[in-house]
Novice: 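After the C-alpha cells below, expect a handful of questions from me.
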There are 2 protein chains.
Amino acid sequence: MAVTIKDVAKQAGVSPATVSRVIADNPRISSKTKQKVREVMEELGYFPNFQARNLVAKKSQTLGIVMENSATLAFQNPFFPEVLRGISTRAHGSQYGLYLSTGATQEEIHREVVEMAQGKRVDGIILLYSKIGDPVMEYLGQCGLPFSVVGRPYKDPETVSYVDNDNINNAKETVEYLIGLGHRHIAFVGGATDFVVSLDRMEGYRQALDQHDIPFVEAYAVNQELMQGKEREAIRQLMALDVPPTAIVTHDDMVAYEVIGYLEDLQIRVPEDISIIGFNNHAISKHLKPPLSTVDISIYELGLHAAELVLEKITDESVPPKQVVVSSRLIERGSCRRL
Amino acid sequence: MAVTIKDVAKQAGVSPATVSRVIADNPRISSKTKQKVREVMEELGYFPNFQARNLVAKKSQTLGIVMENSATLAFQNPFFPEVLRGISTRAHGSQYGLYLSTGATQEEIHREVVEMAQGKRVDGIILLYSKIGDPVMEYLGQCGLPFSVVGRPYKDPETVSYVDNDNINNAKETVEYLIGLGHRHIAFVGGATDFVVSLDRMEGYRQALDQHDIPFVEAYAVNQELMQGKEREAIRQLMALDVPPTAIVTHDDMVAYEVIGYLEDLQIRVPEDISIIGFNNHAISKHLKPPLSTVDISIYELGLHAAELVLEKITDESVPPKQVVVSSRLIERGSCRRL
DNA sequence: CTGAAAGCGCTTACAG
DNA sequence: CTGAAAGCGCTTACAG
C-alpha cells in the first residue's frame, strides 16, 4: 500500500491534520513541526493522493483539451502539436495538467466533454476549433465550466473567451498581395465550410476582390464540400476554365502542397505558370520547391493565450469574457510571381 | 452544487448504495429498481464524480503519456501527433482517458512521472521515447506502475513491454537499397546519440557496409552531437571531402528536407548529383520535389500497440513483459538514382 | 500552534 | 434484492 498522510502523522508523532497543513505550507504550523514532518515524508516517500485531494478541494488542477479528431485530420496537421506546445507551456507554468479528449465522432466528443465537466475531471476546457452549430460549444456555454476557444465562436462571440487570428484580414491582405503582383484571376481553395475560420478566410477573399473591383467568379471559389474528396478533379476543372486563374490561395499549406502536385501532373508549373500561397506556415514549407509563400499565424501563441484565458476564468469566475487577437504575417517565398 | 448519488437516492426512494449498484449495473438489483433509478438520474442530470469514484476504486481510468518536450523537438515532428492518434484510438476503445506530461526538462518530466504514479493520477504510463541512462525509465522500472515504451529500452529490454520497429534492419536494408543502386560512398546523418533509435540505425548502417565490404568512413557518419546545430556547415564539409558521398541516409524526413536545402545552396542537385533517403514517411514527403524516398515506420501502429501493452499490464499485472515489432517498409520515390 | 471530527462523493463487504 | 456502515485519503472549520 502507498504511504498515506496517516502513516506520516503516526511516524512524526502529530495528527493527520497537521501533516495536511504542512503539505499546504500553512503558516500557523511551527517551523520545527514542519521540518520534522517533512523529514518523515521524505523518509517514508510520501506523495499526496490526487484523487483524495481533488475530491475535497473540488478541483482537479487539470485542463481538458478538446480537438476534432474526425477523419484524423487534426492529427495530421502540424497545427495540433504546435498549439498543444503553447498550451502545455502555459499550463505547466501554473502547475496544471492536461487531459486530452479521445473521441472520434462529434457525439463521442460531446459525451466526453459532459463527463469531463460533470465528473469534475477538469477545471476548465480549451476547445481547439470553432464550428457552426457545434453542440459542444453550446454545452460549454451553458454548463458554467470555464473554457476558452481557439477560433472565434460563430454565435455570440462576445460572450466567450477566445483567441484567434484576424482571419478575414489575413485572407484579404493575402489576396491583395497577389493583386499587387498583378493578378486579377485569383482562385481560393478553402476548407470545410462549417468551420468559422474557413468562412472568415472566404470573406476576406471576397472583400479584397470587392475593394479592387474584381468580380467574384463562382467557379474560382472552391471548398471542401464542393470537392467532396475529389481534389484532383476540382483542380483540373479549375484550370480547364475558359479563363483559368493565375493564382490560387489555399487555406492551408498542406493543401497547397497537394494542389501543387496536381498542377504538376497537368504540366502547370509553380510559380512560372501559376502562383500559389498557403496558410499556417508549416515547418517544412520553407523547404519546398519552390519555397511556399504562406501566412504565419503564430500557432504557438494561440495555444499560449488559450491556456491563459481558461486559467484566468478558473482563477476568477467573474472575470468578463476576453478576446485575444494574435498577429499573423505574410511570408514571401518563392511560390508567387509578378505578372 | 452538482447532483450526487444521495440526491438520486432520496428522489428515487432507495439508498445511495443501491444507486451506486445501478451505476455499476450490478445484476443483483431488480430491473424495476434499476429503471426507476435511471429515470431519476436522467431527470436530475446526475453524473458520477470521477475523483470520488477513483479514490475508492483505486484507479483512474487514465493513461499518462510522457514525451520529450525539450527543444520543442517532439512537437515539431509529425511523429508525435500520429503516435498519439494510435494511442488515443486504443485508449478510447477501453474507456481510458489520456493525461499528458507537460515538463520541458528531464528533471521536470521525472518529477511529473513520479507524481502521476505516486499520486495515482494514472493507471499506467506510455513512454514515447527511449534514451540511454534515462532516469524516468529507471524509475518506471522500479515503481511497479504498469508502463510501456515506444522504442526499445537500452537496458534490460526483455524486462519491459515495448513496441518498436526493427530499426537496425530498417537502416541496413535502406543502405543495401542504395548499394543495390550502385552506391558505395554512403553517408549517414543520424540523430541525438543518446536515443536508442539513433544507435540502432547507425548500427544497421555499419552492418550493411560490413556485409558488402565497404569500409566505414568516419567522416561519413554524422550525428546531432557532431553537428552541434551547425547542420549547414556539416553538410558543406561532408561534400567537400576528397571523396564526397554519392548518397545520404538521414534519420528523419525533416532532416532530409533540410539537407536537400543545404545541398541546393551548394549547387548540388537531388537526385542527379546525390541520392537522399529519409525515415518516418511524413505526410508531405510525397509532395516534395523530388518526392522523397523514405522508410515508413507505421507510427500509428506503434501508438496502438503501446496503448495495448500498458492496458494489458493494467488488466493483469502478472502478464509477462511483451515486445512487439511493428513492420516498416521502404518507399521508393524520386530522391534516389541508380549510379 | 495543534488536534478531533466531520465531510468530499463514491464503493463494497456484511447483514438481512 | 436492498440498506446501514465503514472507509478511500485527504482538507478544513471549530475548539482549545
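Numbers restart at 1 for each chain; the letters A, B, ... are given by sequence-line order, proteins then strands. Everything quoted here is computed from the prediction, not taken from an experiment.
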Novice: Taking only N and O in the side chain of A:Lys58, is any of them less than 4.0 Å away from OP1 or OP2 of C:dG9?
Specialist: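 A:Lys58 to C:dG9 OP1/OP2: side-chain N or O found under 4.0 Å.
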Novice: Between A:Arg21 and A:Thr33, does any side-chain donor sit less than 3.5 Å from a side-chain acceptor?
Specialist: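 There is no such pair between these side chains.
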Novice: Please report the distance, rounded to the nearest Å, between CD in A:Gln35 and C1' in C:dC1.
Specialist: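 Rounding to the nearest Å, CD of A:Gln35 and C1' of C:dC1 are 16 Å apart.
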Novice: Grab the CZ-P distance between A:Arg53 and C:dC10 for me, whole Å please.
Specialist: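 Nearest whole value for this atom pair: 21 Å.
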Novice: Would you say that B:Thr102 contacts A:Tyr96 through its side chain, given a criterion of any heavy-atom pair below 4.5 Å between the two side chains?
Specialist: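 B:Thr102 does not reach A:Tyr96 side chain to side chain.
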Novice: Can you list, in residue-number order, the parts of residues 40-52 of chain A that come under 4.0 Å of DNA chain D, counting heavy atoms only?
Specialist: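 Within residues 40-52 of chain A, the residues near DNA chain D are A:Tyr46, A:Phe47, A:Pro48, A:Asn49, A:Ala52.
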Novice: I need the full list of side chain to side chain donor-acceptor pair (under 3.5 Å) pairs touching residues 39-55 of chain B, with sequence neighbours left out, sorted by first then second residue.
Specialist: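 Residue pairs passing side chain to side chain donor-acceptor pair (under 3.5 Å), neighbours aside: B:Gln11-B:Glu43.
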Novice: Given B:Val66 and B:Met116, is the side chain to side chain contact (heavy atoms under 4.5 Å, CB included) satisfied, shown in steps?
Specialist: CA-CA 10 Å; B:Val66 179; B:Met116 281 191 214; 4.2 Å; yes
Novice: Could you state the atom-to-atom distance from NZ of B:Lys10 to P of C:dC10 in whole Å?
Specialist: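 About 14 Å, once rounded to whole Å.
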Novice: Using 4.0 Å as the upper bound for N to carboxylate O, is an ion pair formed by A:Glu82 and A:Arg85?
Specialist: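 A:Glu82 and A:Arg85: salt-bridged.
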Novice: Rounded to the nearest Å, what distance is computed from the CD1 atom of residue A:Ile23 to the C1' atom of nucleotide D:dC10?
Specialist: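 Between C1' of D:dC10 and CD1 of A:Ile23: 8 Å.
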Novice: Looking at residues at least two apart in the chain, or sitting in another chain, which of them share a side-chain hydrogen bond (donor to acceptor under 3.5 Å, both in side chains) with A:Asp134?
Specialist: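 With sequence neighbours excluded, A:Asp134 shows a side-chain hydrogen bond (donor to acceptor under 3.5 Å, both in side chains) to no residue whatsoever.
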Novice: Hey, could you give me each pair passing side chain to side chain donor-acceptor pair (under 3.5 Å) that has a residue in residues 137-152 of chain A? Not counting sequence neighbours.
Specialist: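 Pairs touching residues 137-152 of chain A that pass the test: A:Gln118-A:Tyr139, A:Arg152-A:Asp200.
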Novice: Please check this pair: side chain of B:Lys34 against backbone of B:Asn26, looking for a donor-acceptor N/O pair closer than 3.5 Å.
Specialist: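 Yes: the side chain of B:Lys34 pairs with the backbone of B:Asn26.
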Novice: Base contacts versus sugar-phosphate-only contacts with protein, heavy atoms under 4.0 Å: please encode nucleotides 2-7 of chain D as B, S and - from 5' to 3'.
Specialist: BBB---
Novice: Return the value, rounded to whole Å, for the distance between atom NZ of A:Lys6 and atom P of D:dT11.
Specialist: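 It works out to 14 Å between those atoms.
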Novice: Stems in DNA chain C: runs of 3 or more consecutive Watson-Crick or G-U pairs, distances under 3.5 Å?
Specialist: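 The stems that DNA chain C takes part in, listed by first number, are C:1-3 with D:14-16, C:5-12 with D:5-12, C:14-16 with D:1-3.
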Novice: Distance check needed: D:dC10 P versus A:Lys59 NZ, whole Å only.
Specialist: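 Value for this atom pair: 15 Å.
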Novice: For residues B:Gln61 and B:Ser94, report the shortest heavy-atom separation together with the two atoms involved.
Specialist: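 Closest pair (atom of B:Gln61, atom of B:Ser94, distance): NE2-O, 3.8 Å.
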Novice: Please report the distance, rounded to the nearest Å, between CD in B:Gln118 and P in D:dC10.
Specialist: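 It works out to 12 Å between those atoms.
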Novice: Is there a side chain to side chain contact (heavy atoms under 4.5 Å, CB included) between B:Glu312 and B:Ser161 once you walk through the steps?
Specialist: CA-CA 10 Å; B:Glu312 263 181 40; B:Ser161 284; over 6 Å; no
Novice: Counting only N and O atoms by type, is there a donor-acceptor contact under 3.5 Å from the side chain of A:Glu112 to the main-chain atoms of A:Gly103?
Specialist: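 Yes.
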Novice: Should A:Ser20 be listed as having a side-chain N or O under 4.0 Å from OP1 or OP2 of D:dT11?
Specialist: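 For D:dT11, OP1 or OP2 has a side-chain N or O of A:Ser20 closer than 4.0 Å.
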Novice: Separation of A:Leu55 atom CG from D:dT11 atom P, in whole Å?
Specialist: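 In whole Å, D:dT11 P lies 11 Å from A:Leu55 CG.
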Novice: Between D:dT11, D:dC8, C:dG9, which nucleotide has the shortest distance from any of its atoms to the side chain of B:Thr4?
Specialist: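 Nearest to the side chain of B:Thr4 among the choices is C:dG9.
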